[in-house]
2 protein chains.
Amino acid sequence: MVDIRQMRYFIALAETLHFGRAADRLNITQPPLSRQVGALERELGVKLLERHSRRAVLTAAGQQFLEDARSVVSSFDQACRNVRLADRGELGELSIGFMMHAAHTVLPGLAKRYMAAFPLVEVKLREVIPSSLSGDVVAGRFDAGITFSPGPVRGLATYPVHRENLCLAIHREHEFAAHDVIGAAALEGQPLIATPVDVAPTLRQAISDYCRPYGFEPTIRLETQLQQTIISLVGENLGIALVPQSMAKLQTRDVVFRALEDAPAIEQVIAWRPQNLNPALRAFLTVAEVPKATMQLD
Amino acid sequence: MVDIRQMRYFIALAETLHFGRAADRLNITQPPLSRQVGALERELGVKLLERHSRRAVLTAAGQQFLEDARSVVSSFDQACRNVRLADRGELGELSIGFMMHAAHTVLPGLAKRYMAAFPLVEVKLREVIPSSLSGDVVAGRFDAGITFSPGPVRGLATYPVHRENLCLAIHREHEFAAHDVIGAAALEGQPLIATPVDVAPTLRQAISDYCRPYGFEPTIRLETQLQQTIISLVGENLGIALVPQSMAKLQTRDVVFRALEDAPAIEQVIAWRPQNLNPALRAFLTVAEVPKATMQLD
DNA sequence: CGACCATGATACCGATCCGGTATGAATTGA
DNA sequence: TCAATTCATACCGGATCGGTATCATGGTCG
């Protein structure tokens, strides 16, 4: 059967048109080259070159085969290089799920650094609601997720990448606007706007935990999935909201932000499946400065 | 060294994810398959699949390699098919030089038939002046030429493909327009328009030969390379012309065509170099109905 | 014109590689 | 715990590879 070595031999011969010199270039002697090229012609059933006493010339079929063989050998070698790149996580695909909030904080810088370091990896970014993310990662729909810490989940490893305090978003004419810092106790009875529990449980938990020491549960008036929508509704004076500090970057006309006393912190983590073998994931975790030791553990 | 067989083995294995069934498909037994895939992994330095007790799964690198290997094997096989096509003249290039007159007679039908029969051959058509054509063919700049018969040329084979009479092109108010047929003797002293000797020697020879029996040489008033230009000049009543009958297809307002008594015939031939090994040429000559016997001779 | 040289084909040899058979190790399922 | 499945390993005979030696052919040069 015709194989890739015979193609390499033929290419060398076609480029030198001289058995001896071609053999030299291939680091073999002339007889094996003659034999292999002869066998190649026999197996193809086609004469590839005319042997004259002083020179050899390609037939038309030989010219065709030279072009094709060059292309085949080149993609063959490329395939062998690619598989090594893929094994080192430098080539392939990496799918990342993230909650919208991450798009305003850790995701841009992280994605930028990763894509600069691994330009050949096709990065697939997809926004999902925080509560579904850990399930998606465990199920293998994403290689990694960026979300509020979901707490321990079986088959999921996490590592913190961002920690920020919550602050208070209020209408500029709200009574609290006069203060620089608002305490938790003041929130009792205040109508809050927040994300639904099933969308961002961690965030809701943090709000509840903040109020609990003062003996009351927060009053949720409105629920909406996106933090941006929350800010808009605060702008309409439909309530106030506890939001991550980074939301203050959204300069909105009617909304002001105030610090919370003993502000609760909310953490974003990278989440991944430790069994996930995608080398691109290991590289991504390295870029995210996840310690090697935690990569393999639950 | 990695070779194409190992790629084929890996593809079969990756598609079945089962050593036994993959070996069956490859018509070998399981142990050689295990050994070859193991050797492939070792040579690449990359683990391509995870062996579990009941099933095997591709690693990320393995998936990458599967895609690449499929593409390599496919172009490898294509190269082997292509060289056989090229050898039969069904794939490759065919360059044809032709004089402009042929574009009005034999070339369109011939080129059409050939290209329909051999759609994969890239046909390069180029118009040149008749006198340079035989030289171009002998020098290998064209595989074939279509021109007025240049007579015997060393290293050139020819075969007639078209024969037509010359006729007389005259202005519609010319005195000859009243006759249906004009004799050679009447041409004595008539100002003729013709192509220069060095452009179309055969055509000029035919005109001279037509007059010689009547004891005079034709009077050439104007010389111009293209037959179309000749017709235009006849339309301007600058002279009359002996042109191939097929030129009468050019319906021009002021020009009429008249038959010549004992009209001289002019022959178009296909010309090629018998040593030319391009299989596409053989196929072209076959389409042109050149007998096999004349293909190889001088 | 003949000796010489360059070139590629062929014959033969030892080493390597291939695929086949036999068998072992590990895991799963009854 | 035993049987079955699955893949890896050991070993064998045959095929193939590349190397050396040599031959046939056809230019080249004195």
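Here is the naming used below: chain letters follow the sequence lines, and residue numbers restart at 1 for every chain.
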First encountered from the 5' end of DNA chain D, between B/P32 and A/Q36: B/P32
Atom-to-atom span, CD of A/E50 to C1' of C/dA9 - whole angstrom: 16 Å
A/L277 side, atom CG; B/L58 side, atom CG - distance, nearest 0.5 Å: 11.5 Å
Separation between CG of A/L26 and CZ of A/R21, rounded to the nearest 0.5 Å: 13.5 Å
Separation of atom CZ in B/R55 from atom P in C/dG29, rounded to whole Å: 11 Å
Selection from C/dA22, C/dA11, C/dC18 that lies nearest to any side-chain heavy atom of A/P31: C/dA11
Distance in angstrom units between B/R8 CZ and C/dC18 P, rounded: 16 Å
Interatomic distance where CG belongs to A/D3 and P belongs to C/dC17 [whole Å]: 14 Å
Parallel, tilted or perpendicular: ring planes of A/H101 versus A/F148, cut at 30 and 60 degrees: tilted
B/Y9 vs C/dG19: side-chain N/O to OP1/OP2 distance below 4.0 Å: yes
Whole angstrom value for the distance that separates P of C/dT10 from CG of A/L33: 14 Å
Phosphate OP1/OP2 of C/dG19: any B/T29 side-chain N/O under 4.0 Å: no
Main-chain N/O of A/D143 paired with A/S95 side-chain donor or acceptor, under 3.5 Å: yes
Nearest-0.5 Å distance, CG of residue A/D87 to CD of residue B/E41: 10.0 Å
Separation of C/dC18 C1' from B/N27 CG (nearest whole Å): 16 Å
Under-4.0 Å side-chain N/O to phosphate OP1/OP2 contact, A/Q30 with C/dT7: no
Contact interval (first through last nucleotide) of DNA chain D with protein chain B, 4.0 Å heavy-atom: D/dT5 to D/dT9
Euclidean distance, atom CZ of residue A/R21 to atom C1' of C/dT7 [Å, nearest integer]: 10 Å
Residue-phosphate contact under 4.0 Å: A/S34 side-chain N/O, C/dA9 OP1/OP2: yes
Sugar-phosphate only, base, or nothing, as touched by A/H18 at under 4.0 Å among non-hydrogen atoms: sugar-phosphate
Non-neighbouring partners of A/R5 that pass side chain to side chain donor-acceptor pair (under 3.5 Å), sequence neighbours left out: A/D3
Value in whole Å for how far the P atom of C/dC18 lies from CD1 of B/I4: 15 Å
Distance (rounded to the nearest 0.5 Å) between B/E50 CD and B/L17 CG: 12.0 Å
Residue whose closest nucleotide on DNA chain D lies nearer the 5' end, B/R35 versus B/L17: B/L17
